[in-house]
Amino acid sequence: MTAIAMPAPDSAVMAKRAEIVKALQAIVPGEGVIHDETEMRPYETDALTAYRQMPLIVVLPETVEQVAKVLRYCHDNDVKVVPRGAGTSLSGGALPLADGVLMSMMKFNQVLDIDFDNRAVVVQPGVTNLGITRAVEHEGFYYAPDPSSQIACSIGGNIAENSGGVHCLKYGLTTNNVLGIEMVLITGEVIRLGGKHLDSEGYDLLGLMTGSEGLLGVVTEVTVRILQKPETARALLIGFPTSEDGGRCVADIIAAGIIPGGMEMMDKPAIHAAEAFVNAGYPLDVEALLIVELDGPEAEVDYLIDRVEQIAKANKAGHLRISTSEEERMTFWAGRKAAFPAVGRISPDYLCMDGTIPRKELPKVLARMRELGEKHGLGVANVFHAGDGNLHPLILYDANKPGELAAAEAFGADILRLCVEVGGVLTGEHGVGIEKRDLMPDMFSEEDLKQQQRVKCAFDDKHLLNPGKVFPVLHRCAELGKMHVHKGKLPFPDIPRF
Amino acid sequence: MEATLKPRDTRETCDAIQWAAAEERPLEIVGSRSKEALGRPVQTAHVLDLSGLSGVVAYEPEELVLTVKAGTPIADVEQLVASRGQEFSFEPMDYGPLLGRPAGQGTVGGVLAANLSGPRRIKAGAARDHILGMEAVSGRGEVFNSGGKVVKNVTGYDLPRALCGSWGTLAVATTVTLKVNPAAETSATFVIEGLDDQNAVEAMCMAMGSSAEVSAAAHLPGGLDGERPRTLLRLEGFESSVNYRLESLGKTLSGFGKAADVGHEETTILWKDIRDCKPVASGTEPVWRLSVAPTAGAKLVAALRETFPLDAYYDWSGGLVWLKSLDGALWDGEIRQAVADCGGGHATLVRADASLRSTVSVFQPQATPLAALAKRLKQQFDPKGILNPGRMIVGV
């Protein structure tokens, strides 16, 4: 089917399937254990739909105790576990394993504590990202990170992926907005990290857990920081004759000390696709379109709108509109927010990539990307979180045409290598998962990857949690643990000492 | 043989650590020794002095990114970014005045190793929220890179963040990349006088929950110099915005009594004093740093006041309590019990004689599975226990 191989299933575990089902049923009663093929079908993929795999068994625990018992059982019996939230991962983070239990956390769907005085909310991991905002918006509060899947994605999944969104230049990623978690290790031990207070008393394991893609533990409770909604928000819609002009405008805005709430750029193919889809009034004769949203107190927003307008004009903005109403602001965003489905309309299939580059490299990267597109015979449309350099190239292909998926994947890999080459990274917010797993050696050396795997060994030395994701090669922890010392060989003759 | 090893680059740092690992000779890791009196004392024959790893590798203001060698003095780096109208949003505090050392010392590596922050912690985070990537050497003597040089990155585990606050016990950073932000055009402080602790915390929480974008909230029960209690709320940004928000804050907090404003210059000095513990810095009595939920701060202090004589003040809207024991005793058991009773958090003994710091838990003791996990992490990165052994916890 596709190039990315998963670890060979353990036939001994597969042969014990009936026994495992029975053991899990003893822990999670009723309908919490799914082993019928039809009922398991919805779990065979996440939002990286090119990859599908039926799990061995699906389990939906409802209590922390059940999670702990299931994990402990799997640990003791060498059964792999793939944790899953809402299944919206774009990198295949929740792709099941043929010999693994898929643990869905979606029955953990309660908001446990809303504490406005401490600006903290405690929720179970299956609560959706938007569900948190919904629970507090009557008092004017919201939860800041807003991945585009926020209506569906779970906060537990957000922690696994360290999700971002269009507002993260100003308000941070998940990791900057999570105060604490309760989690279960593969051994079944329950630990709490953080809470309504700040900073860690020991190692920052909360920081390590955030973005660990389900490889270190299963989150069972989350405490997040909520913020008061900005008093107002207004946006500018700015068209540029070249992407260089757009890029320079972004740099000048930041150089002026302005950190917009959102700053999004689209290239010509993305503009045209979006406009054809939602009629947002986007200009079609520009090479780059920038949406700059300023939020905060009214006096500040009015002042900054003027400043940004001047900066845009100084950078050859050919088209410039400023929102004068909430409705107009939403229209500006409508095209950008619908960019993915809009591209879906002009192409039977598309692959959404997620690299980050130093912003100044944007014109060069776009030009090289066009060349790469010609080489692979595929088109590409770009949306770009311009403030933080996070680029989402959408590669257009048709899965029904033989070889096009493979070509699209090869094109995508070339784009991500290009991101690394110009000083950027493989993924800004979608995670490595299986999708970018085999590209990890393009960004990290063997030595770099070993250190990351040592973290894994401290949490899960049997490699039972979500194996096959993130790391291209799984080294046994016993092998990684060996010290290669050069005894007596290094008397450090050259190091100054006193 | 005792030696201070002063490597000049990553290669030499790696050589020194490989030697120490092979010979099983523990190393005390130091930069400028500005925080030597904080944490459990490390007793090793050998010292690894990183102050030779100094200098800016790359600074790109328009990318909001700065890469420096870990031994670079933080004061130099702050000056550099200030020259381009930028700053570290996390406002790293200077422990010098509290620990009886000159102000303005410390290295970038030390700021990260101690995960420093300041009053803006409640809005902008700590050092751990601004680290983007690092090159480091593990206790195995392996050089590795982690993270990146862009502000948005989820490629692989977030090791740079985890190494913040690890006090040099897992790996030695050699080069680090940090996020910088534009410095505010101006600032002002909204001051309410005469509130008791409980009312002050209520006022601060109300202000933090408003749309006034308060960037710091502190309460000084005895002012800065033993005057009347002062509750302070800092606003930063463009001038028109700060003025507008001062007015809106006045309306929000009108129920808490008369208020006054303090301008930019005085605000800068005031918050530096709060950041660097001026209200409890004098003398040599033990000082504790307590992190709890904001609403718990005042209750915690009230409970402890019944037990022993103390001076305390609040930052982070009440969630950070700096507490001085006036009778010279540590009161560690009582303090940690009180933190647990008020909903949890942690207590760190930030000032005490070395003899005391080696006998009590300086950092908050952890529950068994968590402590075991921390030990396993230490074992993975520093199996021979040669990096700052025992600096945080005995055996780690």
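Note on naming: letters A, B, ... go to the chains in the order of the sequence lines (proteins, then strands), and numbering restarts at 1 for each one.
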Which atoms of V143(B) approach chain A - backbone, side chain, both or neither, heavy atom under 4.5 Å
backbone

Look at the side chain of R140(B) and the backbone N and O of G481(A), then say whether any donor-acceptor pair between them is shorter than 3.5 Å.
yes

I want to check something: taking the side chain as every heavy atom from C-beta on, are Q451(A) and S138(B) in contact at a cut-off of under 4.5 Å?
yes

Contacting region of K375(B) [heavy-atom separation from chain A under 4.5 Å]:
neither

Heavy-atom distances under 4.5 Å only: say whether I254(A) touches chain B with side chain, backbone, both or neither.
both

Grab the two heavy atoms, one from V150(B) and one from G423(A), that are nearest each other, plus how far apart they are.
CG1-O, 4.0 Å

Between L320(B) and L198(A), is any pair of side-chain heavy atoms under 4.5 Å apart?
no

Between S291(B) and chain A, which part of the residue has a heavy atom less than 4.5 Å away: side chain, backbone, both or neither?
both

Turns out that what part of R307(A) lies under 4.5 Å from chain B's heavy atoms comes down to side chain

Nearest heavy-atom contact between I191(A) and L370(B) is CG2-N, 3.9 Å

F363(B) vs E201(A) side-chain heavy atoms within contact, under 4.5 Å:
no

The interface call for Q86(B) against chain A, heavy-atom contacts under 4.5 Å, is neither

Heavy-atom distance under 4.5 Å between the side chains of Q452(A) and L159(B), does that happen here?
yes

Given T155(B) and T356(A), is the side-chain contact (heavy atoms from CB on, under 4.5 Å) satisfied, shown in steps?
CA-CA 10 Å; T155(B) 322; T356(A) 303; over 6 Å; no

Proximal component of A126(B), with respect to chain A [non-hydrogen, under 4.5 Å]
side chain

Residue L480(A) versus chain B: region with a heavy atom under 4.5 Å
backbone

Which is it for K152(B) and L173(A) under the side-chain contact (heavy atoms from CB on, under 4.5 Å) test, yes or no, and what are the steps along the way?
CA-CA 8 Å; K152(B) 202 164 168 196; L173(A) 298 155; 3.9 Å; yes

Determine whether N145(B) and S445(A) make a side-chain contact, defined as any pair of heavy atoms from C-beta on separated by less than 4.5 Å.
no

What part of N390(A) lies closer than 4.5 angstrom to a heavy atom of chain B: side chain, backbone, both or neither?
side chain

Would you mind telling me which of S212(A), A120(A), P230(A) has the largest number of heavy-atom pairs within less than 4.5 Å of chain B?
S212(A)

Is chain A contacted by the side chain of I393(B), its backbone, both, or neither, given a heavy-atom distance below 4.5 Å?
neither

Whatever's closer than 4.5 Å to a heavy atom in chain B on E213(A) counts as side chain

Could you tell me which portion of L179(A) (side chain, backbone, both or neither) has an atom closer than 4.5 angstrom to a non-hydrogen atom of chain B?
neither

Against chain A, label P383(B) side chain, backbone, both or neither, depending on which of its atoms sit under 4.5 Å from a heavy atom there.
side chain

Do any N or O atoms from the side chain of S211(B) and from the backbone of Q228(A) form a donor-acceptor pair under 3.5 angstrom?
no

Under 4.5 Å heavy-atom distance to chain A, tell me which part of Q366(B) shows up: side chain, backbone, both or neither.
side chain

Atom pair CD/OG of E298(A) and S248(B) - distance to nearest 0.5 Å:
11.0 Å

Which atoms of H385(A) come close to chain B, meaning under 4.5 Å heavy atom to heavy atom: side chain ones, backbone ones, both, or neither?
side chain

With a cut-off of 6.0 Å (strictly less than), are more than 12 heavy atoms of other residues, nucleotides or ligands near NZ of K170(A)?
yes

With chain A, which of G345(B), G141(B), A183(B), G148(B) has the greatest number of heavy-atom pairs at distances under 4.5 Å?
G345(B)

Closest non-hydrogen atoms of L373(B) and A458(A), given as atom of the first, atom of the second and distance, are CD1-O, 3.4 Å

Given side chains that start at C-beta, do those of D461(A) and Q380(B) come closer than 4.5 Å, heavy atoms only?
no

Would you check if M208(B) and N118(A) make a side-chain contact, meaning some heavy-atom pair closer than 4.5 Å?
no

Which region of M440(A), side chain (C-beta onward) or backbone (N, CA, C, O), has a non-hydrogen atom less than 4.5 Å from a non-hydrogen atom of chain B, or is it both or neither?
side chain

When the 4.5 angstrom heavy-atom criterion is applied to K482(A) and chain B, the contacting part is backbone

Where does E239(B) contact chain A at under 4.5 Å (heavy atoms): side chain, backbone, both or neither?
neither

Just jot down the disulfide (SG to SG under 2.5 Å) partners of C342(B), sequence neighbours excluded, or say none.
none

Under 4.5 Å from any heavy atom of chain A, what part of D9(B) do you find: side chain, backbone, both or neither?
neither

Pair D199(A) + R128(B), salt bridge at N-O below 4.0 Å:
no

Among the listed options G195(A), C457(A), G164(A), the residue most often paired with chain B at heavy-atom distances under 4.5 Å
C457(A)

Sequence neighbours excluded, which residues qualify as salt bridge (Lys or Arg N to Asp or Glu O under 4.0 Å) partners of D460(A)?
K456(A)

CZ of R376(B): more than 12 outside heavy atoms within 6.0 angstrom?
yes

Side chain, backbone, both or neither of Y303(A) within contact of chain B (heavy atoms, under 4.5 Å)
side chain

Smallest heavy-atom separation, G296(A) atom then E213(B) atom, equals CA-OE2, 3.6 Å

Side chain, backbone, both or neither of I357(A) within contact of chain B (heavy atoms, under 4.5 Å)
backbone

Segment of V190(A) engaging chain B (4.5 angstrom heavy-atom cut-off)
backbone

Please name the pair of heavy atoms, one in E189(A) and one in P369(B), separated by the smallest distance, quoted to 0.1 Å.
OE2-CB, 3.6 Å

Would you indicate whether E247(B), at its atom CD, is surrounded by more than 12 heavy atoms from other residues, nucleotides or ligands within a distance under 6.0 Å?
no

Do F471(A) and Y157(B) make the cut of ring centroids closer than 6.0 angstrom?
yes

CA sep, side-chain torsions, deciding dist, call: V455(A), F381(B), side-chain contact (heavy atoms from CB on, under 4.5 Å)
CA-CA 8 Å; V455(A) 172; F381(B) 280 83; 3.8 Å; yes

Which bit of W167(B) is near chain A, if near means a heavy-atom gap under 4.5 Å: side chain, backbone, both or neither?
neither

What verdict does the side-chain contact (heavy atoms from CB on, under 4.5 Å) test give for H130(B) and N176(A), after you've listed the backbone C-alpha separation in whole Å, the side-chain angles of each residue and the deciding distance to 0.1 Å?
CA-CA 9 Å; H130(B) 297 264; N176(A) 311 109; over 6 Å; no

Is the closest side-chain heavy-atom distance between I258(A) and F238(B) below 4.5 Å?
yes

Answer with side chain, backbone, both or neither: which region of R119(A) has an atom nearer than 4.5 Å to a non-hydrogen atom of chain B?
side chain

Contact origin within S210(B) toward chain A - heavy atom pairs under 4.5 Å:
backbone

Are E62(B) and K360(A) close enough for a salt bridge, meaning some N to O gap below 4.0 Å?
no

With a 4.5 angstrom heavy-atom cut-off, is it the side chain or the backbone of E63(B) that approaches chain A, or both, or neither?
both

Inspect the contact between E142(B) and R454(A) and indicate whether a charged nitrogen and a carboxylate oxygen are less than 4.0 angstrom apart.
yes

Contact part of L426(A) toward chain B, heavy-atom cut-off under 4.5 Å: side chain, backbone, both or neither?
both

